[in-house]
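Excluded from the calculations below are hydrogen atoms, water molecules and symmetry mates; all remaining heavy atoms, backbone and side chain alike, are included. Whatever order the structure lists them in is the order used to number ligands and atoms, beginning at 1.
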Amino acid sequence: MIIATDLEGILMPEIWEHIAKETGIEALKITTRDEPDFVKLMEHRVSVLREHDIKLPDLVAMAHQVEPFLATRAFLKWARTKGQIMIISDTFQEFADHFIDVVGAYNLFANRFQVAPDGTILGCNLRIRGKKERVTQSLKDIGFFVVGIGDSFNDISLLKTCSFPILYRTPEEVTTQFHDAPRVTNLDALKATIEALPDEPNGNCGA
Ligand SMILES: [Mg+2]
């Protein structure tokens with residue numbers, strides 16, 4: 001089994017929200033809820049950061065202040081006994097690498113910044129945005145049973161392509177797209193839902 005989960009909103013709070021609060025820059029408060037086009041959103045963020053001369057090390061320092069949710073460590077430790085954990089996120093590797101080390105060195109697949117030698121952010125290498133479904137589909141194609149966990153619009157494709165979707169505090173517009181998927185509101189309920197699954201429900205070889 002592979003447990004493919006989103007990061008922010010499930011295992012930790014939203015990093016950009018924290019950065020907006022820390023910097024006090026109003027223009028950084030815009031999220032995917034205000035600008036659903038992620039490329040445009042990131043172009044906006046990059047230009048605001050440059051305007052205020054905020055460089056990558058400044059951002060990374062702020063991102064490192066974001067703590068995991070209280071139950072995150074215990075949940076991940078338990079989940080690892082059930083299968084491989086893949087954290088598939090639209091965040092940036094530079095923001096979340098530290099978090100991943102803190103919670104126990106799991107696999108993180110995220111985007112990456114393009115940075116000048118002096119730390120100025122020039123742009124992004126968006127590897128995950130709009131491609132979450134390719135990761136889950138590929139894992140399924142080679143025979144893995146993939147539990148998908150998502151909390152927002154950018155997780156819809158992951159939830160639709162995985163073997164067993166679990167909705168984590170999703171907004172109504174997402175929930176209505178998944179009639180049969182379990183809905184959970186905390187990590188304990190998520191654990192109970194995964195616990196109830198058979199270990200290898202899609203065995204495809206044997207007598
Ligand atoms: Mg999320």
Determine the interplanar angle of the F38 and F92 rings, folded into 0 to 90°, and report it as parallel if under 30°, tilted if 30 to 60°, perpendicular if over 60°.
parallel
Checking the side chain of T72 only, and the main-chain atoms of L11 only, is there a donor and an acceptor separated by less than 3.5 Å?
yes
Contact summary for L108 and S89, nearest pair of heavy atoms:
CD1-CB, 4.3 Å
To the nearest 0.5 Å, how far apart are CG in N111 and CG in L126?
5.0 Å
Which atom names give the shortest non-hydrogen contact between V103 and P68, and what distance separates them?
CG1-CG, 3.7 Å
Tell me, which pairs form a ring-ring contact (aromatic ring centres under 6.0 Å, His included) where one or both residues lie in residues 58-91, sequence neighbours left out?
H64-H98
Under 2.8 Å from the Mg ion (ligand 1), the protein N, O or S atoms found are D6 OD2, E8 O, D151 OD1
